[in-house]
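Residue numbering restarts at 1 for every chain, and letters A, B, ... go by the order of the sequence lines.
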Amino acid sequence: MTKFLTRRTLSAIPVLFGILVVTFALARMIPGDPCKAMLGEKATQETCDRFMHDKGFDQPIPVQFGVYMRDVITGDFGNSIRFNRSVGEILVERLPVTMELGAIALLLAVIIGIPAGVLSAMKRNSAIDVGTMVGANIGVSMPVFWLGLLLAYVFALLLKGTPFWLPPTGRLTAGLVATPFYEVYHLAFTPDTAKHRLFQFISNFYIFNSIITANGEVLKDSIRHLILPAMALATIPLAIIARMTRSSMLDTMNQDYVRTARSKGLRERSVIGGHAFRNSLLPIVTIIGLQLGVIFGGAVLTETIFGLAGVGRTLFEAITARDFPIIQGFTLVIALGYVLANLLVDLSYGFIDPRIRLD
Amino acid sequence: MTTSNNFEPSEIDLRRRKETPWIQALRSFVRQRSAILGMIIIGGIMLVAIFANQIAPYQPDQVLIGQESVKKRQPPCIHLLGCPKDQPQHLMGIDGNVRDEFSRVVFGSRISLMVGFFTVLVAMSIGVILGALAGYTGRWIDDGTMRFLDVLLAFPSLLLAIAIVSVLGPGLTNAMLAIAIVTIPVYARVMRSVVLSAKEEEYVTAARSVGVPNNTILFRHIMPNGVSPLIVLATLGIGTAILDAAALSFLGLGAQPPTPEWGAMLSAERNQVFSAPHLVFFPGLAIMLVVLGFNLLGDGLRDALDPRMKNR
């Protein structure tokens, strides 16, 4: 098992290095002068030279790459040109928004998608099956931004005044404050240290923070704000997971061991749960891992529509403003997260199917 | 002897045997209702695109100020649904620049179909050649190509497309190129795996032993094995490409106004969703329909071309 874990983990290293190179290159290849983009078209040559020197953009490319590598390894992503704050600080503030949104969306997709797929396979060709698959086909074809706007229209406008009304924008209702847990419990830390950043990072998960500080009002409000974006974001993954679960289940349900299980008189529930479902998990887990990419991409769109300051929207705005440090830092973190998640999926194969460990 | 024994193949068997795999696939394809539905949707949209000039009552960029008494963002007026006969009919209403929304949606079908086909064609051509070369030559060329494609796959595709468009500059052509680039790995991987398994086959060894040149072996003997998975991938890929291009246009990186591109049209009116929902509803519905058509068709083709998927 250790050998399996080590081999899989090591195989991710060349990809990680490739990601570093691509991120660095992409950020440099974006046309336009970062100085003009930041300081405005009227910036003088002298101001620009000073700006480029301060940011290290006047160095040769290999030197810039070396500096970049060193910074990445030490966890220093530099300062955002636009916000004039460290990229790490901005990440601490905005990554939790996207993680919370993505986690809820993925959770929705899994807890609805898998049972729907299993049920569909069990009742093959029934009305449930046809209905689920028609729904899944429509779900896969739906533009996230369109669905988001329609949801906002229905829940924020048509249902206004009913208990089903949901806020179409923002993370919390104006006036509400999510007091960080470290302030509530008077935890000691030195400002601007790693510990401080970690505390801030954790407290920016509003749902989690309000649970541990027992703040029911903020909890309810932050969940209500996340429902619409999470629904929009979850639709495509949900449809894909339901389809994959159905086809994987149909595959295993035709196997001899399932027939054997049935013929020896096992209850249908244990045949499905213990024999068929367990063995159809592999492709389902793979497809769930791949959905993270869909979610990160969709986050740009949903965060834009629902006015959430998450990594997707920040990255998109940074690209249009040529804010290199943010582009590099954020792309890197997203790609790293994606690679790590898929590595975890890979590793989970070893647990789901013990034969894979021996390969 | 007039009686036939059981060992003789029946007439039906004989007829079946003459069928090529393609005819069999076609048979299995027409049996699937969803695939036929997909064909009908795509066929319909293609007809709309071809006859856009005849179907659309106005030109897509025709501003109606001074020509008709219509207001900006006026809701749809359909005579059959009770709109007064003395008012001009506008099936999908009027957009923010006082243009007929229906005409714009109709003309938008040309752009979406073009985006889908062009993107997949570029991605598939490059991907197939890369994959075939990597799989056939092996060793460092294979390793290098596949590692590079792994890196491309390590980025969420829409984010990578956004980054590439910002390097190339916004615009529909660049958006299409960006989407093509991020989808190359998919085609390359499939082609490579086809080549890897086919190059060990006996007919390839046979061809090689009689002195058939390498490129003939690759193009004539090996690559045709990839045709059916590629047809399926390409059909599904057209839908995804249309969806991603619309997303890029929605973010302002793809088609620019006044192009009647569905994503861009939706983006232009997204802040008016509460006051003029029809301007968001119809372009989005059009995107969904065309993508649904290609997805249904792709699924149907997969079931028809891949015998393992039969009866799913």
Side-chain angles (χ1 to χ4, degrees), chain A residues 12 14-19 21-23 25-27 29-32 133-134 137-138 140-147 149-150 152-153 156-157 168 236 243 246-247 250-251 254 292-301 304-305 312 315-316 319-320 322 327 330-331 334-336 338-339 342, chain B residues 34 37-38 143 147-148 150-170 236 239-240 242-244 246-247 250-253 262-263 266-267 269-271 273-275 277 280-281 283-285 287-296 299 308-309 311-312:
Chain A
V15 174
L16 290 180
F17 182 75
I19 289 172
V21 176
V22 171
T23 319
L26 271 179
M29 277 155 65
I30 293 178
M133 284 307 112
V134 169
N137 267 317
I138 293 179
V140 187
S141 316
M142 195 112 61
V144 178
F145 46 94
W146 183 59
L147 180 64
L149 289 169
L150 290 187
Y153 178 72
L157 188 78
I236 292 185
R243 270 161 46 141
R246 176 180 180 270
S247 77
L250 284 179
D251 234 12
N254 279 333
L292 284 170
V294 178
I295 284 188
F296 272 125
V300 181
L301 298 163
T304 309
I305 292 167
L315 179 60
F316 170 63
I319 288 175
T320 35
R322 295 180 197 18
I327 301 176
F330 277 47
T331 319
I334 291 175
L336 279 182
Y338 192 40
V339 170
N342 280 309
Chain B
S34 61
L37 181 65
D143 278 344
R147 286 298 86 76
F148 177 69
D150 278 350
V151 171
L152 281 189
L153 279 177
F155 292 92
S157 62
L158 188 63
L159 281 183
L160 188 58
I162 292 176
I164 295 174
V165 180
S166 27
V167 171
L168 300 173
L236 294 169
T240 321
I242 293 176
L243 209 54
D244 285 352
F250 180 79
L251 292 170
L253 297 171
W262 295 331
L266 221 154
S267 167
E269 302 292 346
R270 72 185 170 94
N271 291 329
V273 63
F274 289 167
S275 57
V280 166
F281 181 73
L285 186 69
I287 301 174
M288 198 201 80
L289 264 182
V290 67
V291 177
L292 180 67
F294 281 107
N295 281 344
L296 289 176
D299 283 348
R308 279 168 307 169
M309 299 292 293
N311 305 324
R312 279 282 173 82

Please determine, among [options], the option with the most heavy-atom pairs under 4.5 Å with chain A.
options                                : answer
B:Asp150, B:Ile287, B:Leu285           : B:Leu285
B:Val151, B:Asn271, B:Val167           : B:Val167
B:Ala247, B:Gly239, B:Gly252           : B:Ala247
B:Pro170, B:Ser267, B:Ala154, B:Gly263 : B:Ala154
B:Val273, B:Leu251, B:Leu168           : B:Leu251

inquiry  = Please evaluate residues A:Val300 and B:Leu159 with respect to the criterion side-chain contact (heavy atoms from CB on, under 4.5 Å), reporting the C-alpha separation (whole Å), side-chain torsions for both, the decisive distance (0.1 Å), and the verdict.
reply    = CA-CA 8 Å; A:Val300 181; B:Leu159 281 183; 3.3 Å; yes
How far apart are the closest heavy atoms of [X] and [Y], and which atoms are they?
X        : Y        : answer
A:Ile236 : B:Leu243 : CD1-CD2, 4.5 Å
B:Pro156 : A:Ile334 : CG-CG2, 3.7 Å
A:Pro143 : B:Gly284 : CG-O, 4.2 Å

Answer with side chain, backbone, both or neither: which region of [X] has an atom nearer than 4.5 Å to a non-hydrogen atom of chain A?
X        : result
B:Phe281 : both
B:Leu296 : side chain
B:Leu153 : backbone
B:Leu253 : side chain

note = Only one of A:Trp146, A:Phe145, A:Phe316 passes ring-ring contact (aromatic ring centres under 6.0 Å, His included) with B:Phe250, and that residue is A:Phe145
query = Any side-chain heavy-atom pair from B:Asp299 and A:Asn137 closer than 4.5 angstrom?
reply = yes
ask   = With a 4.5 Å heavy-atom cut-off, do A:Leu315 and B:Ile162 have their side chains touching?
value = no
request  = Under 4.5 Å, counting heavy-atom pairs only, tell me which of A:Val339, A:Ile138, A:Leu150 racks up the most with chain B.
outcome  = A:Ile138
ask   = Between A:Phe17, A:Phe296, A:Tyr338, which shows the greatest number of heavy-atom pairs under 4.5 Å with chain B?
value = A:Tyr338
request  = Would you please test B:Leu266 and A:Leu149 for side-chain contact (heavy atoms from CB on, under 4.5 Å) and show each step?
outcome  = CA-CA 10 Å; B:Leu266 221 154; A:Leu149 289 169; 3.4 Å; yes
